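Since the structure comes first, as structure tokens, the remarks are kept for the end.
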Amino acid sequence: MNKFISKIKSLKPTRRKIIQLYTALLFNANVKGFVKGSIYQGNTKIACVPGLNCYSCPGAVGACPLGSLQGSFSADKSTIFYVGGILLLYCIMFGRLICGWACPFGLIQELLYKIKTPKLRKSRLTKILSYLKYIILIFFVFVVPICYAFRDMPFPAFCKYICPAGTLEGGISLLANKVNDSYFSMLGPIFTWKFLLLVSIIVASIFIFRMFCRFICPLGALYGLFNKISVFGVTVDNHKCTNCGLCASKCKLDIKSVGDAECINCGECISVCPTNAIRWKCFKAKDNVNNETKHKNIKLVTRIISAVLLVALLVGSIAFYWNESSSKIEYGTAIGDMCYGAELPIVTPDGVSDKTINPANTGKITIINFWGTWCTPCVKELPYFDQIANEYKDNVTVVAIHSSASKETSPEYVKNHYPESSIIFANDIPDENDTSNGKYYLNLGGSGAYPYTVIIDESGVIQEIFVKALHYEDLKGAVDKILN
């Protein structure tokens, strides 16, 4: 019986785990996004959450600090100062306390580590590998994005090639919703690489405590540089410390001393210190037990009130985003309106497929081009669309929609001219009242003129409309304008 009770007590979550779970839920309070399979694009997305939480996660209500920092290098100076200021505030106030208490991906790793398997303990090798994240910070977060910024191209290298949080929270969360089945046709080698990297990190996290945080995460590396001077975190009273080294030996991370750059300020070392030399910054050390007992009831009431307020904040946030997500959607055919959607049959070199594509819901910048094999200007401009589709395939989806007129000729044309193209070809839906033009063409404001191109941003808002044949420079300029 005693063993059973001990087992139950061991399953009780710690205060830190509860706060980690709470922050993960608060950062992803847009529950409606998981249900609808869409990304929230509201006003709160201009603010960065402190932990590693992907912007493209359906539930995310804020931006990722790393993604925002990389993107700011290609933006105006005000954006750089804004994002940099927020990050600097987090660094000075909390340091790696954020890693230990407010990072959703850190919580995922810790839960994976709880799976009972043989564990790889820290060693000289793990201490050497802990420097890898600083190399990743310098190269993928600063050097590469800044180099691309000189070409006026935002390039979040870490997000694009490494970030497992983005793959899990953004990519897989969106793909898991059946409304996004068309996304599978857009996956390429980069997603395959990132998926394999994610699986590797997940498996490794079962055997190695916080593997990603220790060896790879550039956000943790950045926060760690400010650990010693941060306002909040753990600190050591040197007058009480006997340099026994028990704190460092018991820690699962590669710390040399409490509060150094590798310390995530989890606070577990406080309980193992034999002289009570370790304490939280900004809090006085406990002098005697009697004083603690005297204020026990006051502390209990304070905790209850705090818990009620925090739960109310979370419930209120979920309710707000559930209603706010759909309150501002205004569909139309003008710039600034939400683009109408439709499920259109995809055309392949083998014929018309059973699969469909909704051009208004790709999750990327989408170029919607209405064309026809019978239209000479349409045929002449397609190579430029193909070039853009290849160059920007990670950020842009090009959907070429053949008109209802002579649509039976489109598969053969695709087979002969674009069998390996990154363009997604589709056929328009016939309109009962207009046999010459398709229903989707008419819904998007088409009036009989071809070619006709509509460009929308990641959230489906119309940014550009062209009723003419386009050149490569036209398309590149429109795409770069949205990206910046």
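Computed from a prediction, not measured in an experiment: that's the story for all the values here.
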Measure from the side-chain N and O atoms of [X] to the backbone N and O of [Y], and report whether any donor-acceptor pair falls under 3.5 Å.
X: Tyr441; Y: Ser447; result: yes
X: Thr366; Y: Lys364; result: yes
X: Lys407; Y: Gly372; result: no
X: Ser173; Y: Glu169; result: yes
X: Asn358; Y: Ala342; result: yes
X: Thr44; Y: Val61; result: yes
X: Thr23; Y: Gln20; result: yes
X: Asp474; Y: Leu470; result: no

Note to self: Quick one, Asp428 with Ser403, criterion side chain to side chain donor-acceptor pair (under 3.5 Å). Give me CA distance, side-chain angles, the key distance, then yes/no.
What the structure shows: CA-CA 6 Å; Asp428 207 340; Ser403 70; over 6 Å; no
Looking at [X], I'd like to know if its [atom1] atom is crowded, meaning that more than 12 non-hydrogen atoms belonging to other residues, nucleotides or ligands lie closer than 6.0 Å.
X: Tyr22; atom1: OH; result: yes
X: Lys476; atom1: NZ; result: yes
X: Lys17; atom1: NZ; result: yes

Which atom pair, heavy atoms only, marks the closest approach of [X] to [Y]?
X: Ile39; Y: Lys45; answer: CG2-NZ, 3.6 Å
X: Asn443; Y: Thr333; answer: O-CG2, 3.1 Å
X: Pro218; Y: Leu66; answer: CG-CD1, 3.5 Å
X: Phe466; Y: Glu464; answer: CE1-CB, 3.6 Å
X: Ser317; Y: Leu26; answer: OG-CD1, 3.7 Å
X: Tyr440; Y: Cys339; answer: OH-SG, 3.8 Å

Item checked: The single option from Tyr392, Tyr148, Phe140, Phe150 passing ring-ring contact (aromatic ring centres under 6.0 Å, His included) against Phe155 -> Tyr148
Check: What's the verdict on side-chain contact (heavy atoms from CB on, under 4.5 Å) for Gln109 and Cys213, showing C-alpha distance, side-chain angles and the deciding distance?
Finding: CA-CA 9 Å; Gln109 292 174 82; Cys213 302; 3.0 Å; yes
With heavy-atom distances below 4.5 Å as the criterion, would you say the side chains of [X] and [Y] are in contact?
X: Leu88; Y: Ile92; answer: yes
X: Val352; Y: Pro411; answer: yes
X: Ile216; Y: Met211; answer: yes
X: Asn369; Y: Val398; answer: no
X: Asn53; Y: Cys64; answer: no
X: Cys91; Y: Leu225; answer: no
X: Lys160; Y: Ile190; answer: yes
X: Tyr472; Y: Glu391; answer: yes

Test item: side-chain donor near acceptor, [X] and [Y], under 3.5 Å:
X: Thr373; Y: Thr409; result: yes
X: Ser410; Y: Asn427; result: yes
X: Ser422; Y: Asn390; result: yes
X: Thr348; Y: Asp350; result: no
X: Asn265; Y: Asn227; result: yes
X: Ser72; Y: Tyr82; result: no

Note to self: Salt bridge or not between Arg16 and Glu110? Use side-chain N to carboxylate O under 4.0 Å.
What the structure shows: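 Salt bridge flag = yes for Glu110 with Arg16.
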Item checked: Electrostatic pair Glu262:Arg214 at N-O distance under 4.0 angstrom -> no
Any idea how [X] and [Y] line up, ring-wise: parallel (<30°), tilted (30 to 60°), or perpendicular (>60°)?
X: Tyr90; Y: Tyr223; answer: perpendicular
X: Tyr131; Y: Tyr134; answer: tilted
X: Phe73; Y: Phe142; answer: tilted
X: Tyr418; Y: Phe425; answer: tilted

Which value, rounded to the nearest 0.5 Å, describes the distance between [X] atom [atom1] and [Y] atom [atom2]?
X: Ile367; Y: Ile424; atom1: CD1; atom2: CD1; value: 12.0 Å
X: Leu25; Y: Ile318; atom1: CG; atom2: CD1; value: 6.5 Å
X: Ile462; Y: Ile368; atom1: CD1; atom2: CD1; value: 7.5 Å
X: Arg96; Y: Ile255; atom1: CZ; atom2: CD1; value: 11.0 Å

Next item on the list: Would you check, one step at a time, whether the test side-chain contact (heavy atoms from CB on, under 4.5 Å) holds for Val35 with Trp322?
Entry: CA-CA 10 Å; Val35 178; Trp322 184 273; 4.2 Å; yes
Next item on the list: Verify the ring-centre separation between Tyr413 and Trp371: is it less than 6.0 angstrom?
Entry: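 Centroid separation for Trp371 and Tyr413: below 6.0 Å.
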Notebook entry, point to check: Does the gap between the ring centers of Trp374 and Tyr450 come in under 6.0 Å?
Noted result: yes
Notebook entry, point to check: Is it the case that Lys194 places NZ or CZ above or below the six-membered ring of Tyr161, under 6.0 angstrom from the centre and within 45 degrees of the axis?
Noted result: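 Judged by the rule, Lys194 and Tyr161 form no cation-pi pair.
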Note to self: Could you walk me through whether Phe158 and Ile136 satisfy the side-chain contact (heavy atoms from CB on, under 4.5 Å) test, starting with their C-alpha distance in whole Å, then the side-chain angles of each, then the deciding distance to 0.1 Å, before giving a yes or no?
What the structure shows: CA-CA 8 Å; Phe158 175 77; Ile136 293 174; 3.9 Å; yes
